[in-house]
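Scope of the values below: all heavy atoms of this structure, side chains included, with no hydrogens, waters or symmetry mates. To find a chain, count down the sequence lines: A is the first, B the second, and so on, and within it residues start at 1.
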Amino acid sequence: MGDHGRVARDRHRRTADHRLRHPLVLRGLPAPLLPLDGRPRPGRAGPVLLLRAGPTREGARLTAAPLPPRFEPAALERRWQEAWDRADLGRAPDRPSSASFSVALPPPNVTGDLHLGHFLGNTVTDLLVRRSRMAGTPTLWLPGIDHAGLSTQVAVRAHLAKEGVHLEDMTREQVIARVESWKQDHERRILNALRVGGFSLDWSRYRYTMDPAYGRATRRAFVQLYNAGLVYRGERFVNWDPALRTAVSDLEVEHSEETARLLYVTYPWADGSPGGIVVATVRPETIFGDVAVAVHPDDPRHAGAVGRTVRVPLVDREVPVIADPGVDPTFGNGALKITPRHDLLDFEIYQRHPGLPMPPDVIDPEGRLTSDWVPVRFRGQDREEARSWVTEALQGAGLLDHETPYLHAVGRSERSHAVIEPRLSTQWFVRMAPLAPAAVEAVRRGEVRLYPARWELTFFRWMENVQDWCISRQVAWGHPIPVYYCPACQQMMAAEEPPTRCDRCQQSPLTPDPDVLDTWFSSWLWPFATLGWPDETPDLAHYFPTSLLETGRDIMFFWVARMMMASYYFLGRPPFTAVFFHGILRDEEGRKLSKHLGNSPDPLDLVRDRGADALRFALVFPNPVDQDGVFGPATLDNARNFLTKVWNLVRFAQSHLPDGTDPPDRAPVLTDDSPLENRWILAKWRSTVEQFDQALRAFEITRAAGLLHSFLWYDLADRYVEVSKEALAGRRGEPLRHETRAVLLFTLERTLRLLHPLVPHVTEELWHSIPHRGDLLALARWPAAEEAPEDPEALVAMEVVYSAIRTLRNLRTENRLAPSSLPPAWVRPSGDDTAAVFRTQRAVILQQARVGALEFLATGTPPPAGSAPSVTVHGEFYLALPTGGSPAERLALERERDKLATLLQKTEQRLADAGFRDRAPPEVLKATQEKARDLADRVRRIEEHLAAEATPGSE
RNA sequence: GGGCCGGUAGUCUAGCGGUGAUGAUGCCGCGCUUACAACGCGGAGAUCGGCGGUUCGAAUCCGUCCCGGCCCA
């Protein structure tokens, strides 16, 4: 870097030092960005700002310090994150005057750190949020975190276990204190990661699902549903997690196929007659809770058994054989032992047979055998352990008839992975059936749109047979259930604030319900509780319903569907009008990224390595965001390479834009003398913007990113810049140099704006290094396609030019011409239009194809001897060879001829078909005929060349 | 058991009735030409999962089978 650069840098460093005395204070949040690991570094007052080319007070910047040759993201990303914080970029207006765009960040769980999936979703959202903000729409992206009750408690429990401390030995208050400190730590790390990613959230509206106001919203929701009879308490079969000693909801159970031993156990006849009835079971340890053996009423094998009495093995308790249609006669021998407290089907059958006694639980909340129905020697044994002991005992008693391996679905707790114990217990439930129709209708009517739309099917299917939701949890960490009991009269009261005395008998004190609410019972209020509900706040008025929910489809039922049900119930409106589901990331071997497999990189490591912008870009391109996609080092390098390309492009532009160049307030006005490349690049930019906007409107994120990628790299860098170098160097005159600078600057500056929402840091840096107006690119106006003129002819003409260039370059390569050589070339254009393009663009073709001359061949004129021919749609091209025709050339021609001949044959066949001629639309017929003519023509010309070369002495 | 999604060059992917089937990456050849070797230029590489049907015409629509992934029970 030259002296000029050093001076400029020093100047900015002074500015930065000045700013240090006014540290940024975010409402309620720690201001300084932390090191990437989220741990504050001791001994430093605050971040050192190294502003190299920061925002300028005067607005219009002339030329900034030259960019360093290498793109090194770390320092510049930090610098711009701080600049955005200073500008309060994410802060949404309190009283917007026009329709808003709002998004609620799916609150990350305080259990863990931000993973790549979060970065993916946040990149998509930030792209839309930043674009919306630049377009002048009042924009809110509201951040927050989720207390994630059960999963946080599990994480803390595991953590404490390593220190030899057991959560179960602690009081509720102690547990909450431990979890709270865990939460503090993770909250800091999550917030840091969100800022390291460059996500433009409104920190002033930061929320937490356990903050006091949120607690009130949660209680309000509960009480309202309770009063409407939609929340009830009852004894039901629930999924019991014996490891965590709590009920969990159906959604928190994962089913997987596992092989078990299916035991055929003999229940001897009570009257002492030989034999008995053979019952198949995978859970012999539950036999102590048996109250009957059931068979299907139509099962001839057991017709004689119904009404008789058998003895339960090992305990000799007598139970009846009953007939019930609920028994599946194909399972085992068709006889089922009935254990009403430990199986839902058994319970249902039990209920249909009055007269049967209700046994005690023979398995306790921790999964151990219990009760005096269980022989003493088995009591206290874990259910899994007891299974083998009981099996052995059955064998010893001669009652184990035989056994077979049996593949069946086993439910495991999502959190603890313990096998779920179906358990009859008293819990709180939400009736879902009355809530579901509004949400289903919303999607059906298009009031809420799902992207990609295929998820609608899955959504409908689930909603249509939604089950009641068990919302009570027997853990410490969570919102307490706002229900109170009177010890005197047993009165039960649900109330937002704890009542002081019983509303029936006036007794006090009251006993609060010991359970807490399922985390999702607070999460399902997120889009409106964060905006102030149940109060009618201005935020709720201005920013609700939100515009978008961006999330993974794995929580469609847990969260998305429930938010819709809650929102329609409590507010009568949708919580959001669009849902975008991103895919699941896989590694390069196609495995799902997961902590468990250890193949899930820490996003912060990737940021440190390649920068947040590269990571953002890699997450949306080239693998489609809305499908499960591959993410690996190659993808990330690809993104980094692209950003380096952009970096270098701007470096090039910068070196050609002298001090004093005006910022591009509008597109340069072209004249009749303007060269094709200037007309073309503006038109191309315009069409890129049109397509880009269209893609974003359709949530085609990857296509949108691809459009900018190819425009910048292939159109702007590879073509426009290469063609314009002569003009920029001043070798085509000052007026053209001036115009070309203006076109280059306009195109580049506007393209940086387009790219900014996707890769905000590097674009901000680059934007500040070229002439621009304004303090921050993040606050610049979103470009309109109409700023540049339409020019379809220029678009076509440039394609013709580049087709010629590619043809000639190909001839050079095939014939192994030295890179430095400038051989003459000839062309016989295929038509007048083409001829005109070649005539006016001769200089461009000469320069880009590196040919010394381009002459036109009149019809009938034979091609120059010893030249290499190539026949394309745009004409015949000939390149002079130093040694005449070459074998390589002949081979290439023959190949081309064969390819075209095959095509021609296929085309002619189609034309010969009477059905095609009669039924194909006229324009298709005409196009096909033209194609056949063109192909025949080209085949003939190639044949001529081959024949000419084969003739001896033709040189 | 029920359902959904996908199967297109080595890999990933676009197209979803008329194309010479996108594009990226990887691969091969040439080249450090002062924005860029994290690059440029050129090239090779695909019977569009199999079979059958509809149609003048199928990667595209229908049926069926096979393979992979996911969800629900």
Would you indicate what [X] reaches in the nucleic acid, counting non-hydrogen atoms under 4.0 angstrom: base, sugar-phosphate, or nothing?
X: Arg610(A); result: nothing
X: Gln627(A); result: sugar-phosphate
X: Ser655(A); result: nothing
X: Pro921(A); result: base
X: Lys725(A); result: base
X: Arg640(A); result: base
X: Ala717(A); result: base
X: Asp554(A); result: nothing
X: Val721(A); result: base
X: Tyr714(A); result: sugar-phosphate
X: Asn638(A); result: sugar-phosphate

Provide the distance between the two [atom1] atoms, one in [N] and one in [M], to the nearest whole Å.
N: rU8(B); M: rU13(B); atom1: P; result: 8 Å
N: rU19(B); M: rG57(B); atom1: P; result: 13 Å
N: rU22(B); M: rA9(B); atom1: C1'; result: 13 Å
N: rC72(B); M: rC65(B); atom1: P; result: 25 Å
N: rG50(B); M: rA35(B); atom1: P; result: 50 Å
N: rG42(B); M: rU60(B); atom1: P; result: 33 Å
N: rG40(B); M: rG23(B); atom1: P; result: 16 Å
N: rC61(B); M: rC71(B); atom1: C1'; result: 27 Å

Quick one: is rC39(B) close enough that its OP1 or OP2 comes under 4.0 Å of any side-chain N or O from Asn648(A)?
-> no
Give a yes or no on whether a salt bridge exists between [X] and [Y], defined as a side-chain N under 4.0 angstrom from a carboxylate O.
X: Arg732(A); Y: Glu677(A); result: yes
X: Asp937(A); Y: Arg933(A); result: no
X: Arg719(A); Y: Glu799(A); result: yes

Let me know the distance between [atom1] of [X] and [atom2] of [N], rounded to the nearest Å.
X: Glu464(A); N: rC4(B); atom1: CD; atom2: C1'; value: 14 Å
X: Arg809(A); N: rG42(B); atom1: CZ; atom2: C1'; value: 9 Å
X: Phe916(A); N: rG18(B); atom1: CZ; atom2: P; value: 12 Å
X: Phe581(A); N: rC4(B); atom1: CZ; atom2: P; value: 18 Å
X: Arg910(A); N: rU55(B); atom1: CZ; atom2: C1'; value: 14 Å
X: Glu456(A); N: rC5(B); atom1: CD; atom2: P; value: 12 Å

Hey, is CZ on Arg940(A) packed in by over 12 heavy atoms from elsewhere, all under 6.0 Å?
-> yes
Arg449(A) CZ: over 12 foreign heavy atoms closer than 6.0 Å = no
Between Arg919(A) and Arg806(A), the residue closer to the 5' end of RNA chain B by nearest nucleotide is Arg806(A)
Of Leu900(A) and Asn810(A), the one whose closest nucleotide on RNA chain B sits nearer the 5' end is Leu900(A)
Backbone of [Y] reached by a side-chain donor or acceptor of [X] within 3.5 Å:
X: Ser655(A); Y: Phe652(A); answer: yes
X: Asp626(A); Y: Pro452(A); answer: no
X: Glu930(A); Y: Ala927(A); answer: no

Residue Asn641(A), side-chain heavy atoms: nucleotide from rA24(B), rC39(B), rG29(B) that is nearest =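 Nearest nucleotide to the side chain: rC39(B).
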Which one is paired to rC70(B), where only Watson-Crick or G-U wobble pairs with both distances under 3.5 angstrom count?
->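 Partner of rC70(B): rG3(B).
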Produce a footprint string for nucleotides 68-73 of chain B: one letter per nucleotide, 5' end first; B if the base is under 4.0 Å from any protein heavy atom, S if only the sugar-phosphate is, - if neither.
-> -SS--S
Parallel, tilted or perpendicular, as decided by the 30° and 60° cut-offs, for the rings of Phe331(A) and Tyr406(A) | perpendicular
Partners passing salt bridge (Lys or Arg N to Asp or Glu O under 4.0 Å) against Arg850(A) (at least two apart in sequence or in another chain) = none
Donor-acceptor pair present, Glu700(A) side chain and rA14(B) base, under 3.5 Å |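 Checked by distance alone, the answer is no.
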